[in-house]
Number of protein chains: 2
Amino acid sequence: MPYRPTAKTQARRTERRSALLKTALAIVASEGFQALTINRLAKEAGIATGTVYKYFESKAHLCSEVFRLATEKEVEKVRAASFPKQPAHSQQRLANAVTTFAERAILGGRLAYALIAEPVNPMVEQERLIYRKAYADIFEQLIEEAVTKKEFPPQTAHVSAAALVGILSEALVAPLARGIPITDHNNLVKAITQFCLRAVAG
Amino acid sequence: MPYRPTAKTQARRTERRSALLKTALAIVASEGFQALTINRLAKEAGIATGTVYKYFESKAHLCSEVFRLATEKEVEKVRAASFPKQPAHSQQRLANAVTTFAERAILGGRLAYALIAEPVNPMVEQERLIYRKAYADIFEQLIEEAVTKKEFPPQTAHVSAAALVGILSEALVAPLARGIPITDHNNLVKAITQFCLRAVAG
DNA sequence: TTAAGGAGTGAACCATAGTTCACACCTATT
DNA sequence: AATAGGTGTGAACTATGGTTCACTCCTTAA
């Protein structure tokens with residue numbers, strides 16, 4: 001048996017794969033999923049079209065991974081803000097979570113639109129559902145705890161949680177979708193945060 | 001000059017056109033935009049493919065019109081609830097508006113998803129933006145009036161308005177997008193309404 | 001009845017990208 | 001060096017569905 005994949009070749013493979021992913025993400029971050037084609041990706045990565053398929057089963061799978069790569073860290077940030085090491089009042093935690101999401105979305109610019117709202121394909125839509133659910137779950141847990149501790153008024157936690165996700169999507173992405181750059185970051189974030197606090201914390 | 005279109009032929013033409021639109025809407029309402037192809041539409045309308053193009057410039061234009069046809073009346077209902085003939089408290093008006101939207105969306109089922117969230121094409125996405133804006137404008141006006149009358153606390157009306165649109169989209173469509181039929185209509189609508197009132201009316 | 005502008009037809013056309021595949025090249029074992 | 005499995009190549013293929021167009025049929029006015 002003459003040939004066996006070795007640690008070195010494996011590493012090389014893994015590295016190429018993540019380099020591809022990184023290139024793909026760069027395209028999406030600057031021009032959206034709409035600009036991510038296999039041909040373009042291959043060209044920018046300096047490889048042949050077919051080679052992409054040695055690393056990714058299909059375009060849809062590739063998009064999924066790009067989406068996950070970009071979204072996972074966002075979710076983590078929001079989770080961290082929601083459940084900090086230091087104990088904090090629920091209201092403050094929610095405010096931090098919302099602010100974190102909003103600020104990162106605004107900084108993200110085109111990428112935020114791509115992740116939250118750009119029409120892509122069913123597989124990414126699926127992925128999106130999963131991450132919306134992830135955000136909603138974080139909020140839901142926070143709210144439930146707070147209601148138990150009487151820091152928030154009684155409410156249907158999972159509806160409130162979904163509603164928060166909706167608020168963040170729409171309030172941030174509506175301007176982006178219209179191509180209007182957000183000018184007054186701070187006030188926008190403040191207004192959204194206040195709205196959320198009124199809604200959930202009463 | 002031997003031939004001139006006459007009232008009768010014009011009427012016939014108009015009627016055929018709206019019949020086509022109606023057929024298209026029926027397809028969208030039961031299976032979404034994804035199922036609306038020119039071939040299928042032609043077949044179901046009992047005409048040839050090419051004929052569709054005598055009535056609609058392109059598929060995108062057709063989709064736009066179908067979207068508008070379905071959405072316009074929804075917007076009107078919400079507007080009517082927001083600005084009733086009889087004077088009413090702002091809180092009640094907002095509650096009615098939200099309830100109206102939510103209940104109609106739930107009854108609409110597949111259609112609601114198609115209109116609010118289904119990925120279609122850029123032209124429909126454009127149309128969607130317009131209608132989201134339309135809803136937001138209604139809410140914004142209501143909120144601004146209420147703030148002036150001191151019935152609502154001070155707030156950034158256009159942010160609150162966008163947020164309301166987001167709440168309604170997400171809280172109603174999230175379950176639909178996952179194919180989970182909404183079971184407990186009344187409580188869902190109630191929870192959403194309460195959330196909105198807390199958020200906006202304090 | 002005949003001229004001429006609409007309307008209807010549907011098979012062929014096209015455009016876009018995703019996907020494949022036969023072949024050459026590389027890498028690890030014996 | 002020889003073997004054999006992996007990787008890279010890119011032009012060609014394909015699938016889907018929107019769009020066209022040369023032709024026929026229909027309608028109205030003279």
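Letters A, B, ... mirror the listed sequences (proteins, then strands); counts begin at 1. All heavy atoms count here, side chains included; hydrogens, waters and symmetry mates do not.
One N or O on the side chain of B:Ser58 and one on the backbone of B:His61 form a donor-acceptor pair closer than 3.5 Å. In this structure a side-chain-to-backbone donor-acceptor pair under 3.5 Å is missing from A:Arg110 to A:Ser30. Panel note: side chain B:Arg93, backbone B:Phe83; no donor-acceptor pair is recorded below 3.5 Å. For the pair A:Thr14 (side chain) and A:Gln10 (backbone), a donor-acceptor distance under 3.5 Å is present.
A:Asn187 is linked by a side chain to side chain donor-acceptor pair (under 3.5 Å) to A:Asp184, counting only residues two or more places apart in sequence or in another chain. Qualifying side chain to side chain donor-acceptor pair (under 3.5 Å) partners for A:Glu103, counting only residues two or more places apart in sequence or in other chains: none. Residues that satisfy the ring-ring contact (aromatic ring centres under 6.0 Å, His included) test with A:Tyr131, not counting sequence neighbours, are A:Phe67. The side chain to side chain donor-acceptor pair (under 3.5 Å) check on A:Arg68 picks up A:Glu127, with sequence neighbours excluded. By the side chain to side chain donor-acceptor pair (under 3.5 Å) test, A:Glu74 pairs with A:Arg104, sequence neighbours left out.
Annotation: side chain of B:Leu94 is in contact with side chain of B:Phe139 (closest heavy-atom distance under 4.5 Å).
In this structure, B:Lys8 places its NZ atom 8 Å from P of D:dT27, rounding to the nearest Å. Whole-Å rounding puts the B:Leu36 CG to D:dG17 C1' distance at 12 Å. Rounded to whole angstrom, the span from the CE atom of B:Met123 across to the P atom of D:dG18 amounts to 15 Å.
Under the 4.0 Å criterion applied to side-chain N and carboxylate O atoms, A:Lys133 and A:Glu140 are not assigned as salt-bridge partners. We find that A:Glu65 and A:Arg17 are joined by a salt bridge, their nearest charged nitrogen and carboxylate oxygen being less than 4.0 Å apart. Of the charged side-chain nitrogens involved, none lies within less than 4.0 Å of a carboxylate oxygen, so that A:Lys73 and A:Glu76 do not count as a salt-bridged pair.
Within the structure, salt bridge (charged side-chain N to carboxylate O under 4.0 Å, His left out) pairs that include any residue of residues 188-202 of chain A do not occur (at least two apart or interchain). Applying the side chain to side chain donor-acceptor pair (under 3.5 Å) test to pairs two or more places apart or on separate chains, those with a residue in residues 158-174 of chain A are A:Gln155-A:Ser160, A:Glu170-B:Arg132.
Heavy atoms of A:Tyr55 sit under 4.0 angstrom from primed sugar atoms or phosphate atoms, though from no base atom.
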Please write out the pairs of protein N or O atoms and N or O atoms of nucleotides 22-26 of chain D separated by less than 3.5 Å, giving the distance to one decimal.
none

Atom pairs, protein N/O to nucleotides 11-14 of chain C N/O, distance under 3.5 Å:
none

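Picking from D:dT28, C:dA28, C:dG18 the nucleotide with the shortest atom distance to the side chain of A:Lys59 gives C:dG18. Distance from the side chain of B:Ala48 is smallest for C:dG10 among the nucleotides C:dG10, C:dA28, C:dA7. In this structure, of D:dG18, D:dT28, C:dG18, it is D:dT28 that holds the atom nearest to the side chain of B:Thr9.
Summary for the helix from C:dT1-D:dA30 to C:dT30-D:dA1: the axes at its two ends, each from 5 pairs, differ by 10° when rounded to the nearest 10 degrees.
Map A:Arg13 and B:Glu57 each onto its nearest nucleotide of DNA chain D; the residue landing nearer the 5' end is A:Arg13.
The side chain of A:Thr51 places no N or O atom within less than 4.0 Å of a non-bridging phosphate oxygen (OP1 or OP2) of D:dT7. Residue B:Arg4 has no polar side-chain atom (N or O) positioned under 4.0 Å from OP1 or OP2 of C:dG5.
For DNA chain C, the residues of residues 38-47 of chain B within the heavy-atom distance limit of 4.0 Å (strictly under) are B:Ile47, sorted by number. Contacts of residues 14-35 of chain A with DNA chain C (heavy atom under 4.0 Å): none.
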*Would you sort out whether A:Leu20 and A:Phe56 count as a side chain to side chain contact (heavy atoms under 4.5 Å, CB included), showing the intermediate values?*
CA-CA 10 Å; A:Leu20 266 180; A:Phe56 300 95; 3.8 Å; yes
